[in-house]
Amino acid sequence: MAERIRVMLTEEEVDTRIKQIGEQISRDYEGRQVHLVCVLKGGSFFMCELAKRITVPVSLDFMSVSSYGSDTKSSGVVKIVKDLDEPLKDKDVIVVEDIVDSGRTLSYLLELLGQRGPKSMRLCTLLDKPERRVVDVKVDYTGFAIPDEFVVGYGLDYDQRYRNLPYIGVVEL
Ligand code: IMP
Ligand code: MG
């Protein structure tokens, strides 16, 4: 069951861009500590690479959410499958995501995390599909804005596979 994968963004393009975002975050948070919140599982590859490129002090935490509704269309009602280990109170938080699609999951999640009293909270996503947006979400750091195609790799899956690809590809069925 091997689908064809067409490369959309090469490993080098992704790595170069992540390095740039890391440098940007390091400048923006000069003199402070950033607390990266990874949304599992998709955000994990991106967060690890990004964290390595940040030069200010970094702490990490992880959470896992599942969206109610069908796999192809998120309802935006999010169930926390694994919550964060640490409180967000008074921290400079950056939520790290793989992709913002409709924006439903993220808008719900940001609202929820915002209630925990972070000093600041920003959103960083590797990919953004602006054409697909249904709910307005403010994205502070974007790796790449991409067209409306289903992508895999760098944490993103198709039926749980292909997360480990070191590039971003399109599944050709
Ligand atoms: P949203 O609530 O519609 O923004 O859903 C975002 C979530 O849907 C992401 O965190 C991904 O898990 C998933 N998703 C959206 N587009 C893609 C894609 O092209 N490939 C893989 N997963 C995707
Ligand atoms: Mg995700």
Side-chain angles (χ1 to χ4, degrees), residues 1-11 13-15 17-18 21 25 35-51 60-85 88 93-116 118 121-173:
M1 245 228 308
E3 295 83 11
R4 277 172 54 87
I5 308 290
R6 167 167 49 88
V7 178
M8 179 188 271
L9 297 163
T10 65
E11 180 170 6
E13 286 172 312
V14 175
D15 289 346
R17 185 70 189 116
I18 294 176
I21 298 174
I25 289 174
H35 188 64
L36 301 182
V37 166
C38 172
V39 185
L40 293 169
K41 303 170 185 157
S44 58
F45 288 72
F46 176 39
M47 182 167 95
C48 291
E49 290 308 308
L50 181 65
L60 310 173
D61 207 346
F62 299 85
M63 75 186 298
S64 181
V65 298
S66 80
S67 172
Y68 291 107
S70 72
D71 284 348
T72 47
K73 191 172 167 294
S74 72
S75 61
V77 180
V78 171
K79 187 175 107 190
I80 297 183
V81 177
K82 182 222 172 295
D83 205 341
L84 298 170
D85 292 335
L88 297 182
V93 174
I94 302 179
V95 176
V96 181
E97 253 287 22
D98 49 0
I99 190 164
V100 185
D101 188 38
S102 72
R104 287 192 175 97
T105 311
L106 256 287
S107 78
Y108 184 90
L109 198 63
L110 292 176
E111 165 81 33
L112 192 96
L113 298 179
Q115 290 165 5
R116 298 184 185 183
M121 193 167 61
R122 286 186 176 176
L123 173 60
C124 177
T125 184
L126 178 60
L127 303 173
D128 187 0
K129 288 185 194 170
E131 289 167 49
R132 298 261 304 168
R133 199 72 89 257
V134 175
V135 181
D136 202 30
V137 195
K138 184 172 169 285
V139 185
D140 301 284
Y141 303 99
T142 304
F144 301 90
I146 60 165
D148 179 14
E149 291 190 276
F150 193 83
V151 288
V152 293
Y154 234 95
L156 290 144
D157 74 301
Y158 171 66
D159 206 10
Q160 295 303 325
R161 288 178 297 139
Y162 301 119
R163 291 191 197 274
N164 58 317
L165 295 180
Y167 55 87
I168 300 292
V170 178
V171 182
E172 306 206 308
L173 296 171

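Numbering of residues begins at 1 and proceeds along the displayed sequence. Note that ligands are numbered from 1 as they come in the structure, with each ligand's atoms numbered from 1 the same way.
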Ile168 pairs by side chain to side chain contact (heavy atoms under 4.5 Å, CB included) with which of Val7, Ile146, Leu126? Leu126
Sequence neighbours left out, what passes salt bridge (Lys or Arg N to Asp or Glu O under 4.0 Å) with Asp61? Give chain and number order. none
Look at [atom] and find which of [options] reaches it with the closest heavy atom.
{"atom": "atom 17 (C) of ligand 1", "options": "Glu97, Lys41, Lys129", "result": "Lys129"}
{"atom": "atom 14 (N) of ligand 1", "options": "Leu40, Ile99, Val39", "result": "Ile99"}
{"atom": "atom 2 (O) of ligand 1", "options": "Val78, Thr105, Val100", "result": "Thr105"}
{"atom": "atom 20 (N) of ligand 1", "options": "Val170, Leu156, Val151, Leu109", "result": "Val151"}

Polar proximity ligand 1 side, Phe150 side, N/O cut 3.5 Å exclusive: no
Decide whether an N or O pair under 3.5 Å exists between Asp157 and ligand 1. no
Quick one: look at Glu149 and ligand 1, take heavy-atom pairs under 4.0 Å, and tell me if it's side chain, backbone, both or neither. backbone
Quick look: Asp101 vs ligand 1, heavy-atom contacts under 4.0 Å, and the answer is both
With a 4.0 Å cut-off, would you call Arg161 and Glu3 a salt bridge? yes
Quick one: do Glu49 and Arg17 make a salt bridge, cutoff under 4.0 Å? no
